[in-house]
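See structure below.
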Amino acid sequence: GRLRLSQGGQGGLICRDTPEPVSRHPDAMEPPPQTMGMTNALEQIQRQLADDRDRQEAAAAPAVGLLPVPQAPAPAPLSSSVLAGIAAGNINISTSSDRMALAGAAKSEVDRQEEILAQFERRRQIRQLHVPTDDGEVKMMLRKLANPICLFGEGPGERRDRLRELMATLGDQGLLQKHDHSDDEGGAAEEVQEVWYHEGPAELKDERVRLAEYSLHKARDRLKRARLKLARPDKEENADRQKLHSRIRNFGNYCSQVGDSRPISSCEFSPDGKTLATASWSGLCKLWSIPECTLQKTLKGHTQRVSCITWHPEATLSQDTAAVNLATSDADGVVRLWNLESEAPLETLVGHSKRVPRLAFHPSGRYLGTACYDHSWRLWDLERKKEVLHQEGHSRAVYSLAFHKDGSLAGTGGLDAHGRIWDLRTGKNVLVLQGHLKEILGIDFSPNGYHLVTGSDDHTVRLWDLRQRKCVYTIPAHTNLVSALKYHPDGETLVTASFDNSAKIWGMPGCSSLKTLQGHEGKVMCVDVSRDSQFVVSGSYDRTFKLWAAE
């Protein structure tokens with residue numbers, strides 16, 4: 001007989017062994033009774049599982065607004081044939097809730113996917129954070145979070161990304177704690193904060209008014225000369241310029257003199273062009289006759305290396321020989337004033353605590369400007385022998401100093417590779433000269449009133465236009481640092497000195513090279529041009545100064 005499945009009165013499945021005649025093909029094979037029984041048992045199990053699933057879904061459905069679902073009767077127990085199949089191992093039914101563990105490789109893949117998802121979520125949170133675009137504010141926030149404001153090779157974009165990641169890592173609570181801690185530190189720092197600038201004396205306002213009045217008269221005279229020059233025909237101007245350039249190209253060594261036992265650090269012609277003043281690292285300053293180059297006088301007073309020597313604008317012209325005619329400075333910060341009647345100093349200006357590398361007389365002759373290694377420069381009133389201005393602004397030592405020919409502006413060059421233009425009438429820093437890659441060692445204003453040149457340790461000379469407020473030309477002047485430069489009084493030529501043992505003469509404002517003065521065996525440390533344009537002088541590390549003139 002065969003297993004026969006039929007529906008019972010209670011809706012269950014009943015297995016019966018009933019014979020049933022079946023007509024078969026004579027060649028058809030009779031399936032084994034055991035196989036047929038297993039097939040019917042599997043069908044019964046599938047139906048029972050489907051009924052269980054329907055009852056669970058009906059029980060989980062909400063009862064509001066639905067008709068009651070009739071409960072199906074409990075399934076009948078399995079028959080002995082199904083039990084026998086399970087016992088024989090032909091039917092496998094899992095009765096436990098245990099799950100098979102994943103293999104090692106599959107588990108590591110799941111962990112990797114979870115890590116990637118967490119990383120995506122973190123990036124999404126970082127993108128939603130608001131970070132300032134100003135680099136200064138970004139640095140300030142990094143400082144408040146006790147993190148470096150700049151890493152090696154890091155740009156503004158990378159710095160903003162680092163701040164964003166740091167904010168995402170700390171979270172809101174961490175940011176609040178860091179902010180409170182930085183506020184406490186900032187409050188403590190504010191308690192000890194002091195005024196960083198130097199207040200000017202009461203007389204400074206009167207001095208600024210006097211400087212403004214003087215500069216206005218000088219500017220008026222300069223403009224008159226400029227109009228007269230502009231009215232001249234171009235042919236005459238070009239002919240005079242060509243004649244000057246031709247004479248300069250014939251310059252040669254006129255005289256060479258051993259100036260001291262140590263290097264010559266500074267040299268300058270007197271306003272009348274008949275006397276040359278030199279300063280040396282030995283602490284001695286000497287006056288020489290021109291063009292004989294014979295020693296006239298030795299000024300003794302410095303005990304350290306003399307950095308600079310300069311003439312009063314009216315010395316040897318209208319200035320009394322007993323008054324201030326010369327000024328010198330040394331490596332100890334001592335500034336001394338000299339007359340032409342004595343070998344001892346006339347006055348000593350006290351106030352500098354560090355080296356004074358350069359000094360310059362104001363065109364009026366009443367004031368003296370000094371550049372100092374304490375990151376500042378100062379203005380002294382020589383009539384009262386008193387400091388009237390102490391000006392900061394550079395982040396490193398101030399090395400070079402020059403005054404505008406009108407007396408309205410002062411230019412300073414610092415070891416911070418920046419130049420600054422100061423308005424003496426208002427005290428404002430009106431222009432910052434940015435462009436040099438290294439220290440600015442020389443600066444000078446053109447007599448035309450709107451051009452300015454700077455020399456640097458980057459071997460270049462830059463020409464600046466004060467009207468356009470920018471650099472208009474860069475001269476690759478030398479193969480070593482440019483130690484000094486000086487405009488000719490007519491503004492047509494420029495002389496530069498360098499540590500490549502040479503000095504050069506340039507045609508301005510075209511910046512054309514006219515002549516290279518070679519002959520020194522050491523670094524050329526200083527250079528100057530006589531007012532009558534007859535002579536050029538250069539002082540060197542080889543302890544000599546050389547006089548150059550047209551052959």
Side-chain angles (χ1 to χ4, degrees), residues 229 237-254 267-269 400 402 404-405 411 413 419 433 435-468 470-520 523-540 545-551:
K229 185 177 180 179
E237 285 291 327
N238 294 334
D240 293 344
R241 186 177 294 109
Q242 290 177 3
K243 186 183 298 183
L244 174 63
H245 291 180
S246 177
R247 188 172 61 85
I248 290 176
R249 290 189 179 96
N250 293 325
F251 263 45
N253 189 2
Y254 181 85
C267 61
E268 186 172 319
F269 285 107
S400 54
H404 193 278
K405 308 307 177 184
L433 310 177
H436 282 292
L437 304 179
K438 292 185 178 181
E439 298 88 346
I440 295 179
L441 306 178
I443 187 171
D444 196 19
F445 286 91
S446 171
N448 63 19
Y450 53 86
H451 278 158
L452 169 76
V453 288
T454 54
S456 171
D457 192 8
D458 60 8
H459 310 175
T460 66
V461 173
R462 287 180 176 263
L463 176 65
W464 308 83
D465 194 321
L466 299 179
R467 302 167 300 180
Q468 303 181 38
K470 68 177 183 179
C471 175
V472 295
Y473 199 82
T474 301
I475 309 173
H478 293 272
T479 59
N480 208 326
L481 65 85
V482 180
S483 56
L485 45 77
K486 191 66 176 289
Y487 260 110
H488 187 274
D490 61 8
E492 295 292 333
T493 56
L494 173 72
V495 183
T496 61
S498 172
F499 275 18
D500 61 4
N501 302 355
S502 70
K504 293 185 179 181
I505 305 178
W506 308 84
M508 302 302 287
C511 303
S512 59
S513 178
L514 301 179
K515 184 67 177 180
T516 299
L517 308 177
Q518 293 180 334
H520 284 288
K523 311 167 186 175
V524 182
M525 305 179 68
C526 53
V527 71
D528 193 26
V529 187
S530 62
R531 288 193 178 184
D532 57 4
S533 69
Q534 296 296 320
F535 297 101
V536 173
V537 64
S538 59
S540 173
F545 68 87
K546 294 184 183 295
L547 207 61
W548 310 85
E551 297 178 352

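Everything numeric here is computed off the predicted structure, so don't read it as measured data.
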Exercise. Do the side chain of H436 and the main chain of K438 share a donor and acceptor less than 3.5 angstrom apart?
Worked result: no

For this session: Using side-chain contact (heavy atoms from CB on, under 4.5 Å) as the criterion, list what pairs up with C526, not counting sequence neighbours.
Result: I264, C267

Problem set entry | Donor-acceptor pair, side chain of S456 and main chain of L437, under 3.5 angstrom | no

Seminar exercise, completed: For D444, the salt bridge (charged side-chain N to carboxylate O under 4.0 Å, His left out) test, sequence neighbours excluded, returns K405

Problem set entry | Positive for side chain to side chain contact (heavy atoms under 4.5 Å, CB included) with V495, one of D528, I248, L514, I505 | I505

For this session: Applying side-chain contact (heavy atoms from CB on, under 4.5 Å), name anything that partners Q468, two or more places apart in sequence or on another chain.
Result: D465, K470, V472

Exercise. What residues, two or more places apart in sequence or in another chain, satisfy side-chain hydrogen bond (donor to acceptor under 3.5 Å, both in side chains) together with N501?
Worked result: none

Exercise. So do the side chains of L466 and F445 get within less than 4.5 Å of each other, counting heavy atoms only?
Worked result: yes

Problem set entry | Close side-chain approach of W548 to K546, heavy-atom, < 4.5 Å | yes

Problem set entry | Residue pair N250 / R247, side-chain donor-acceptor N/O under 3.5 Å | no

Exercise. Taking the side chain from S502 and the backbone from L517, do they hold a donor-acceptor pair closer than 3.5 Å?
Worked result: no

Problem set entry | Under the side-chain contact (heavy atoms from CB on, under 4.5 Å) test, residues paired with K229 that sit two or more places apart | E237, E492

Exercise. Who pairs with N448 by side-chain hydrogen bond (donor to acceptor under 3.5 Å, both in side chains), at least two apart in sequence or on another chain?
Worked result: S446, H451

Problem set entry | Approximate separation, where rounding is to 0.5 Å, of S540 OG and K523 NZ | 9.5 Å

Problem set entry | Residue list, ring-ring contact (aromatic ring centres under 6.0 Å, His included) with H478, at least two apart or on another chain | none

Exercise. Do T496 and W506 have a side chain donor and acceptor closer than 3.5 Å?
Worked result: yes

Problem set entry | Side-chain heavy atoms of W464 within contact of V453, under 4.5 Å | no

Exercise. Does the side chain of D458 come within less than 4.5 Å of V482's, by heavy atoms?
Worked result: no

Problem set entry | Side-chain donor/acceptor of T460 to backbone N/O of P476, under 3.5 Å | no

For this session: Would you please name every residue forming a side-chain hydrogen bond (donor to acceptor under 3.5 Å, both in side chains) with Q534, sequence neighbours left out?
Result: none

Exercise. From E439 CD over to L441 CG, what is the distance, rounded to the nearest 0.5 angstrom?
Worked result: 6.5 Å

Exercise. Excluding sequence neighbours, so at least two apart, what forms ring-ring contact (aromatic ring centres under 6.0 Å, His included) with F269?
Worked result: none

Exercise. For C511, what residues pass the side-chain contact (heavy atoms from CB on, under 4.5 Å) criterion, not counting sequence neighbours?
Worked result: L463, Y473, I475, M508

Problem set entry | Contacts of type ring-ring contact (aromatic ring centres under 6.0 Å, His included), residue F535, not counting sequence neighbours | Y254

For this session: With rounding to the nearest 0.5 Å, note down the distance linking CG in L494 to NE2 in H488.
Result: 11.5 Å

For this session: Under the side-chain hydrogen bond (donor to acceptor under 3.5 Å, both in side chains) rule, collect the residues that match up with T474, sequence neighbours excluded.
Result: R462

